[in-house]
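Every value quoted in this text rests on a predicted model; they were computed, and no experiment measured them. Each chain gets a letter, A, B and so on, in the order its sequence line appears, and its residues count up from 1.
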Amino acid sequence: MNYSHFPAIAVMGLFLGAFLVEIFGSKSKIVRNIIVFVFTTCAAALMLYLVKPVMLDGEIISYWMGNWEPVDGYAIGIGYEIDQLSMFFAILVVLTIWLSAVYSFRYMERDRHLGHYYTLFLMLSGAVLGLVCTGDVFNLFVMVEIMTFAAVALTAFRNKKGSNLEAAFKYLIVGSVGSGFTLTGITLLYMQCHTLNMAQLSSMLSGNLTPVTVLALALMFTGFGVKSFIVPFHAPAADAYMSAPTSVSMVFSGMVNKAGVYGMIRLVYIIFRAMDIEAIQILLVLLGVITMFIGVTMALAQHDLKRLLAFHSISQIGYVITAIGLCTALGVTGGLFHALNHTLFKGLLFLCAGAVLYAAGTTDLDRLGGLSKKMPKTCICFLIGAFSISGLPPFNGFASKWMIYQATYEKAVTTGNLFYAFATVTAVVVSVMTLASFIKVTQAVFFGQCPAQLQQTREVPFSMRLPMWIMALLCVASGVLYGDLYRFILAPASNAALNVTGYIDAMLGSGTAASAGIADIEVAKVSFSYWNPTAWLILFAIILIAVCWVVVFGEKTRGAVLQSESSQDVDGKYATFFSGEKSMHSHVGGSDLFWGFKKNFSGYFRVMQGIHSGNVNDYALMAVAAAAIFIVFMFVVLL
Amino acid sequence: MINVLATIKIIVKTLIFPGAFFAMAAGLLLAGIDRKVLARMQKRIGPPVMQPTYDFFKLMGKETIVPHAANRRVYMAAPVVGFVSLAVMMLFIPIGGWCAFTGDADLIVILYLLTIPAVALIVGGSASGSPFAGIGISREMVTMMSYELPLIIVFLAVAKKVGGDQLFFGFRAITNWQIANGPMIAQLAMIPAALAMLLIIPAEVGTQPFDVAEAETEICEGPLIEYSGAPLGLFKLNTAVKMLVMTSLFTALFLGGITSGIHTGITLWGIAIVDHILRALIHVAISAVITVVSMTTIHAATARLKIEHLFKFYWTAVTGLALISLILVWIGF
Amino acid sequence: MIPFLKVALTNLFSKPSTVKYPYVPVEAKPRYRGRIAYDGDKCVNCGMCVKVCSPGAINRIYKDTEDGQDITYEFDHTSCTFCGMCQDFCDEGAITLTTDYHMVATDPEDLIVRGVCHKVNPKGNISCNTDLCVYCTLCAKKCPSGAITVDRAAKTWTVNIGKCTKCGACIKTCPKKAVYFAEPKPQVVVCGDDCVYCTLCAKKCPEEAITVDRAAKTWSFDASKCVQCGKCVAACPKKTLSFADGE
Amino acid sequence: MFKKIIAASTAKSPWIYHINTGSCNGCDIELVAVLTPRYDAERFGFKLAGTPRHADIVVVSGPITSQSKDRLIRTLEQVPEPKVVVSIGSCPKSGNVFKGSYSVEAPLDKYCKVDVSIAGCTPKPEAIIEGLYKAAQILKEKREAMNK
């Protein structure tokens, strides 16, 4: 079975699906759902079939569009190249697409024009899958463009609300500023090296960095920075995530900013191999740390659930960028693992937010409350997501964050540079603040007292809960079975990122890399002393015994006699204690928590309000200013 | 075939010696000593040292009322999860140089295991649906945010001191290093870090000046307001066991080398029972001394802080202390 | 913080200042107003304590006996404020507030102090020896039920037998010892001068001790038959008849 | 055996919750004085609890003004089961000098069974300790009664 065609088929299939849904989809719901389901599932099947050869056997698939083989060493046609790194991101992409599609069947049923919705959705997924599989720089840019415009259109999908249109407009402007920079960078590269194939570019650029290529690097660095929403460019992302329908914002946080990160890795690790220079590493780590901190502090101050989750996506991307910026084996593995985990738990959290929106009609933290008794399953899923993102041990957030701390501090100790230790400290503090903001959400939305108008909320239908349960199980599984995950998926992916020779030889025939003088970095076996799973088995044994005790003991207690459904008229023994008063509705909402923290940081928050002013020209100005800084920095450092 | 003796040994370790039972007994004992010494500092006789044990068993006997607004499952499960994580933590902290489980467990793992009891209290309080609890958990969260920063800096300083240019986060490495060149507290550079750690312990356990979250007078015991009977007993037990965990963490990090010289060699069924008992006793004695030094004296001398002062105190004074020692270690003291 | 630390550490090594109460008996200060002790014999049932007790914690239960009354005084400690007013106003010193403070009870009965005062009614009525009396009106003021009226100008001293509870307060206070319980002389009925000889008193008298002759306008009284029932005095339309002491 | 330990320790760690239904604060300061170094009720395990949910002994002071009546009833209901009600001072039992006023609904017995009453208009701290100690014994008997 010649599987080298599969990536191309998968990408084209998705675009074909988009086309078909546009034609047949607008008439009947069932036809539309079937088309979407069929195409997403077959794309997923095709890509997952490739996991065994690429990941386990270490084979790199190279496929030339239209059979345009490279002519005496020069690659002319568009080449698709799937190495372990792109396979890793492909798994991520495919998983997110499938789950979001299943979720949106019931979630979007109240909206109109669903035909157009699914077209844009399939366009977006096809673009990102294409972006991940391509080996050609310009094809990468084209896919980025399709992704951006599909994303902008989806953000403005519910165009009745004015704020959605404004958010889409902002995303469009900043997105195209970024794409502009990327395109200029690519043209400069093409002018210099007369080729667009990444492998060839990398072999030609490995030693001789001329001013033109350095400018190209700086511009493309900004371009991909914009796409992955790191700090100077993160503001439109927050609005975009909030206003897009939740099944789409899950795809945004799971896939779209990962695509930006993938572009960044390709750029810095493979094409320019600029990571050996200390200054670039410090730049990336600095950007990551700032993104982390600003993302989480802004999230703490939010009043809306989806906006809070958006800022958390930005801060978690900060984690991934910091880890990747370290350029050590453990760092890259940690970064990739955190990217995977982030897709899982952030997707889960967005799905739960969607469920709350679907059931309760609003995601405003001040007007929600006490939903855990009305929607118990969503509450459990949300708790699993919240505990994984804040990195509590049994869940997956802990495993990847732990690796990131180990990597940053190992880097600090080996290079003797205190800056990395500062990065570790910020990472830990940001992780606690993440926990704080999710405690705020659980208290504001799920626990506490239920306002009168939310008494009738019911649990969301099963087809929305299925993706939630799948993601929750994946979160727990990747947290516990983390040793095997590392062996089969993470190690090959991080090796592929660090060692370019395999990538080049696969595309242009063996030996070209050696001739270009690119030596293979001996990737140190990742030595982390994570505690072995037997300790975990005992923990689970204890928990099991304890839970049975609680259940058994639970029966004996004369627990709450569930009086009439309306919770307000319960009085006497089982009413909450109001120092004697009759228990009335007084719910400690999300916005009045963490008074002590906000008071101490009031100066900082005033500055933040200034930066997130909300008008487009500020954001565009920030993007261009950042590009200028990067250009100056690259010239000073690289030449 | 899992060899039976090993599993029995693991189960015994988990449930009896350093695990649940030992943690419970030693924790309640430490809490009793803390209350007794505090009373003596106020020139009064004070309760018997077994008082927390009596409190625990009395609460076990009380009726458990689950308020109507509470989410029953989470409300009942929260204290149990808290206790389980504390019991597991005791397995990984070396007692007198001997680790129940793999010696190379890691400071970061301990750091995160420390957050689970606090999160259990928070989620439990939030699940009880009372507005007082809402305020209580927000204060508990800010307290956690405030002591986490200096705690990680202290850990990094210790790891750097032990590791030199490689990275050793594991307890076995720390203990071996301390056996080789004397307890960490004797090093000049590490004294500020030890001081910072001593100041962190009361905030983590939540004793008087820093128990803003469970202020009896202002917000009627904060998150624990709706709890009664067995769950409340478990939460009180969690606080006591946290005392034991934090003090034994301090001993492991800063007084490592002292107690590791005990080898009487008398073995029973292959387990050096006598060594374990001796080690446990010395360990609890040291923990008691540290409890008195770090928690009781501050408790007797100061009044409860406001939450913003607590946050400012930890992010300026205690973090400063920890940073001094980190920089000193970095320069190569 | 430092000074408190010093105090705390010094306390740590000094003896605690706790009084181990249940094992070391603790006596209340001498003038502590604790449980009420009531001495029934000294009490003369003058009722001043009941009048003066603000929460009304004292109540009396009467039981008639052949020569007087048995009055049980109940002091309810659960409603007493221990102000000590009853002790101050009791001239006999029958009520004293002891220094016993152990007033803890599971059933309220234990907190009620009871005492019985056997009151023997003195035979005669109060009367005043006019030559010793200097009309200083002290006895009138002292009388709890206001039975005595003294007119300093007219130098008259009268007593209202109905109101008098025979408590003897006046006897004690009279500086000249002029007031005394007079021997109960056989009462004699005396007719005033505005009698109209309507013979009503004669008809009312059950023992026919009074004979009236309308024509001769004469009124005569036979002391031996009289049983001092008082019907004649009540019946006289002109209110001229009244008791007086015979010899 | 476990039941015996629970019953024994119920007597040894009674937690007090104080309800002031309009008292002149004489008894309130006296009750708190009991926890000071001189009298130190903590020797017997007494501790002031913040909420009725944590309470074993409920100490009621004050003549139960009409404002505080229904709050008193509700709070008494919220105390978990083996509980003991103690009236301190003479106000709760009879309304003391305020008896007969339009706003005083005095005897506490109307609302719940008073297990121990400590008389004295501000009873002496030693008397309070004695009363609380007796209340702790009653608590133990109630706990044993619950076992059967």
Side-chain angles (χ1 to χ4, degrees), chain A residues 370 372-373 379 391-393 398 402 405-406 409-410 413-414 416 418 421 424-425 428-429 432-433 435-436 439 442-443 447-449 529-532 535 538-539 542-543 546-547 549-550 553-554 557-560 563 567 570 573-577 579 586-588 593-597 599-600, chain B residues 10 14 63-72 76-77 80 84 87-88 101-102 104-106 108-109 112-113 115-116 119 122-123 126-127 129-131 134-135 137-139 141-142 144-145 148-149 152-153 156 159-160 163 165-167 169-170 225-226 229-230 307-308 310-312 326 330:
Chain A
S372 69
K373 289 161 81 82
C379 172
L392 292 184
F398 168 72
W402 181 88
Y405 302 147
Q406 179 100 2
Y409 200 61
E410 197 166 17
V413 166
T414 42
L418 200 55
T424 324
V425 168
V428 170
V429 169
V432 173
M433 287 186 202
L435 176 67
I439 294 293
T442 34
Q443 155 71 8
F447 297 126
Q449 289 169 356
S529 56
Y530 184 47
W531 52 349
N532 51 37
I538 290 122
L539 173 65
I542 298 178
I543 290 184
V547 166
W549 178 56
V550 164
F553 186 81
T557 59
R558 287 166 289 290
Q563 276 114 340
S567 75
V570 169
K573 183 166 189 166
Y574 295 104
T576 42
F577 171 63
S579 58
S586 85
H587 176 59
V588 176
L593 291 178
F594 310 133
W595 174 78
F597 172 76
K599 179 106 175 38
N600 281 319
Chain B
I10 286 176
T14 321
E63 176 206 10
T64 306
I65 300 179
V66 180
H68 185 75
N71 176 344
R72 185 184 166 76
M76 295 294 286
V80 176
V84 159
V88 163
F101 274 101
T102 54
D104 54 12
D106 183 276
I108 306 289
V109 173
Y112 269 93
L113 273 176
T115 47
I116 294 190
V119 168
I122 287 168
V123 170
S126 152
S130 142
I135 304 291
I137 61 165
S138 114
R139 292 183 177 185
M141 198 59 228
V142 172
M144 215 170 101
M145 268 199 268
E148 198 87 7
L149 175 64
I152 182 70
I153 295 175
L156 296 188
K160 171 72 176 156
D165 57 0
Q166 307 102 9
L167 186 63
F169 262 139
I225 184 170
E226 290 299 338
I307 186 69
E308 90 202 59
L310 181 133
F311 187 84
K312 191 175 288 177
L326 185 69
W330 214 273

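- Between B:Asn71 atom CG and A:Thr442 atom OG1 the span is 11.5 Å, to the nearest 0.5 Å.
- Scanning all heavy atoms of the two residues, the minimum distance from A:Lys373 to B:Ala70 falls at NZ-O, 3.0 Å.
- Only one option out of A:Val429, A:Val428, A:Val425 pairs with B:Glu148 in a side-chain contact (heavy atoms from CB on, under 4.5 Å); it is A:Val428.
- The part of B:Ile225 that comes within reach of chain A is its side chain, from C-beta onward, which places non-hydrogen atoms under 4.5 angstrom from that chain.
- Considering every non-hydrogen atom in both A:Ala421 and B:Leu156, the closest pair reads O-CD1, 4.1 Å.
- What you find for B:Ile108 and A:Phe398 is that their closest heavy atoms are O-CE1, 4.4 Å.
- Here the CE atom belonging to B:Met144 is positioned 7.5 Å from the CD1 atom belonging to A:Ile439, to the nearest 0.5 angstrom.
- Side-chain contact between B:Ile65 and A:Tyr574: present, with at least one pair of heavy atoms (C-beta onward) separated by less than 4.5 Å.
- Contact tally against chain B (heavy-atom pairs below 4.5 Å) for A:Thr414, A:Thr424, A:Val413: the top residue is A:Val413.
- By number of non-hydrogen pairs under 4.5 angstrom with chain A, the leading residue of B:Thr115, B:Leu326, B:Ile116 is B:Ile116.
- Judged by distance alone, with hydrogens and angles left aside, the side-chain atoms of B:Glu226 form a donor-acceptor pair with the main-chain N or O of A:Phe577 at under 3.5 Å.
- Contact count against chain A (heavy-atom pairs under 4.5 Å) is highest for B:Glu308 among B:Glu308, B:Arg139, B:Lys160.
- When all heavy atoms of A:Gln449 and B:Ala69 are compared, the pair lying nearest together is CG-CB, 4.4 Å.
- Shown here are the ring pair (Phe, Tyr, Trp, His ring centres under 6.0 Å) partners of A:Phe597, two or more places apart in sequence or in another chain: A:Phe601, B:Phe311.
- Ring orientation note: the planes of A:Tyr405 and B:Tyr112 are close to parallel, at an angle under 30° on the 30°/60° scale.
- Proximity to chain A is absent for every atom of B:Leu310, based on heavy atoms less than 4.5 angstrom apart.
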Kindly indicate, with the supporting measurements, whether the criterion side chain to side chain contact (heavy atoms under 4.5 Å, CB included) is fulfilled by A:Val432 and B:Met141. CA-CA 9 Å; A:Val432 173; B:Met141 198 59 228; 4.2 Å; yes
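- The nearest pair of heavy atoms linking B:Ser138 to A:Phe594 is OG-N, 3.4 Å.
- Separation of atoms CD (A:Gln443) and CD1 (B:Ile122) is listed at 10.5 Å; rounding is to 0.5 Å.
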